[in-house]
Amino acid sequence: MNKPKKIVIIGATSSIATHCARIWVQNQTVDLTLVGRNLERLERVAADLTVRSPTSTIQVVVTDCLNPATIQTTVDDIVAKGLVDIVLIAHGSLPEQLDCQNDLQLCQETIIVNGLSPVLYAEAFAKHLSCAGRGTIALIGSVAGDRGRQSNYIYGSAKGLVARFAQGLQHRFAGSGVKIVLIKPGPTDTPMTARFKNNGMKLATADQVAKQIVTGIEAGKSVIYTPGKWLFIMAIIQHLPAFIFNKMRI
Amino acid sequence: MICKPIASFGRLSAKPHNVITLDSPAHLSKLICNQQKLGLAHGMGRSYGDVCLNPDGVLWLTTKLNHFISFDEKTGYLHCEAGVLLRDIQRWAIPQGWIVPVTPGTQMVTIGGAIANDVHGKNHHRFGSFGDHVHSIKLLRTDGETVECSLNHRPDWFAATIGGLGLTGVIIAATIKLQRVLGPWLNTQTIPYANLTEFFNLADESESDWEHTVSWIDSHEGNGRGLFMRGNFTAIESSKNSSARQFTMPFVPPISLMNRLSLRALNTAYYHLKKRKQNQCVIHYESFFYPLDRVLEWNRIYGPKGFFQYQSVIPRNNGQAATQAMLKEVARFGAGSFLAVLKTFGDKKPQGMLSFPCSGVTLALDFPNKGLKTHQLFNRLDAIVQEAQGRLYLAKDARMPRQLFEAGYPRLAEFLKYRDKGIRSELSRRLMGN
């Protein structure tokens, strides 16, 4: 029998990540490492996945996502236990844009949590995958990173950083066995977006988004817009000339 | 907290509610206990009337409490959070040979909702209602107390909470007893019947050999002709595609598409089409149990004013006469119902103080909301139900008079002692005074 796939999820208690993990354990026996900040919440997800797939190995790692030295050790420790097939980097936070503008501390945290931290994790894994010559790193960016907009450009710029970084990694690993996948979800029904629901915005479910992420990773796509319609919507938004774009309050 | 309009499945109203999402078991008491406004747990909102609504109050949305906690392969006991969907359990369990034995006509409901309404399925005569398959419940009361209850431990709380309409506290987790099943396929038969006598004969003769029985009845044709469906799980596999496509009703039509003209034609066509195609076939459990789940938002078909479900149960002795009388009223009224279901319940006594099922025959009918005219029909049906000593299903109800409720649910006074003072629903205000 083949060795089970080793999958690592950073930010494993996020709704999208949890649903991806459910799909992975449903399809096969896997060796799963869940990384997050809060033990209780990680154990809740781990228990759920253990029921779904008693034959899978599920470990939890509690760590800090901001300190580079900690990130390095966390990743080294995980890889020391075995080569990684898939890394999904899924953590993030979405505060109010206005709060970020008025509070530089929050502004900094938002950029670190959504931009810098995922980049550092990916870079740490990239070194190991490069040595192994194979594996996939999937990063969750956002459609918000495609063009700066007044309504969420602090969060958006951090996600834009992730997008440019992923592009660079893809260039670096072109032609090798290492795949870099950038995922750009549209607004999704998760605790992070709970406050959007009252303005009538139709949100995709975490389950739908997770399905597309898992199949996209399987297919080795370099960029996944999910739901797919966001590819077209963002293509239009990105190409709107400034004199029109600047009149829009989006 | 966000304020937004919430409708139940009948879409009769969409009044503003303050919605709080419960997303982690860790912060529940902070969100639920000692609040200023009265609240109510709300899952998928699949009940038809006002049992899941609390206008101007708080709704605690439970659908994010969707994690399994543990499963014991020896006993089949599944411990899970209250927002887990029956669909998610079935899709995980059935491929491994386990099943939630009792489910309603949709699997898009939460465990919490299934307990609170003590839902029933097509196999009541064999397995009773949902409450018969609950091992234990964990409730969080708004005064901060946690109540764990089961048949053996605090059984009074258990009986109050099963079918307790969410009014005894917020159900946050439960342990459900799964059963062994042969696989996802059912061997089924469809048999036409011409009148109620034939229906009751079919129902009686099927009870011993068939786990699942249900019938569709043509409510336009006063005699009570219909199609009797029965099924058993089978080890035979069918090559038919199990993952049938889903459709969404894309808009709310300006008037109900279910009206006098369309219904007569639909009912007649359905009866004759199915009658010709009668007999045996092997079908997937999702098609047999939850055919309507395939059409997302099908409730929009009744137009902007929404619709009512009227589901009664009548003790067996009066069953045939009362059913006949109700069908006559409906046929006379004209704008009857397409999703009309007739089924017998077994003798099993339900666990809950306010549980709906009881030994007898249940008739479920749906009607587009035509205001006064519809209410007048309901008044006539109420009279038949009350005289026959029957009762109406609270999960479907949006309008029954208080005296019919009190006559149908004799354990009400006993139940009221277990109510949580921080919890209220539109139904509790309407039928219990607060």
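Heavy-atom basis, side chains included; hydrogens, waters and symmetry copies ignored. We name chains A, B, ... by the order of the sequence lines, and we start the count at 1 in each one.
By the 6.0 Å contact criterion, NZ on A/Lys184 is enclosed, its count of non-hydrogen atoms from other residues, nucleotides or ligands being greater than 12. For B/Glu73, the CD atom is loosely surrounded, since the number of other residues' heavy atoms within 6.0 Å does not exceed 12. Remark: A/Gln150 CD is packed, more than 12 non-hydrogen atoms of other residues, nucleotides or ligands lying under 6.0 Å away.
Note that OG1 of B/Thr21 and CG of A/Asp189 are 8.0 Å apart. Values are rounded to the nearest 0.5 Å. Distance check: A/Asp48 CG to B/Asp88 CG gives 9.5 Å after rounding to the nearest 0.5 Å.
In terms of the side-chain contact (heavy atoms from CB on, under 4.5 Å) criterion, residue partners of A/Tyr153 (sequence neighbours excluded) are, by chain and number, A/Gln97, A/Gln101.
Nearest heavy atoms, B/Trp92 versus A/Arg52: NE1-CA, 3.4 Å. Shown here for A/Val51 and B/Ser70, the closest heavy-atom pair between the two residues is CG2-CA, 3.4 Å. Across B/Ser24 and A/Arg44, no two heavy atoms sit closer than the pair CA-NH1, 3.7 Å.
Within residues 211-221 of chain A, no residue has any heavy atom under 4.5 Å from a heavy atom of chain B. Residue-level contacts of residues 18-28 of chain A with chain B, in order of numbering, are A/Thr18, A/His19, A/Arg22; threshold 4.5 Å between heavy atoms. Interface with chain A: from residues 78-87 of chain B, residues B/Leu78, B/Glu81 qualify, criterion being any non-hydrogen pair under 4.5 Å.
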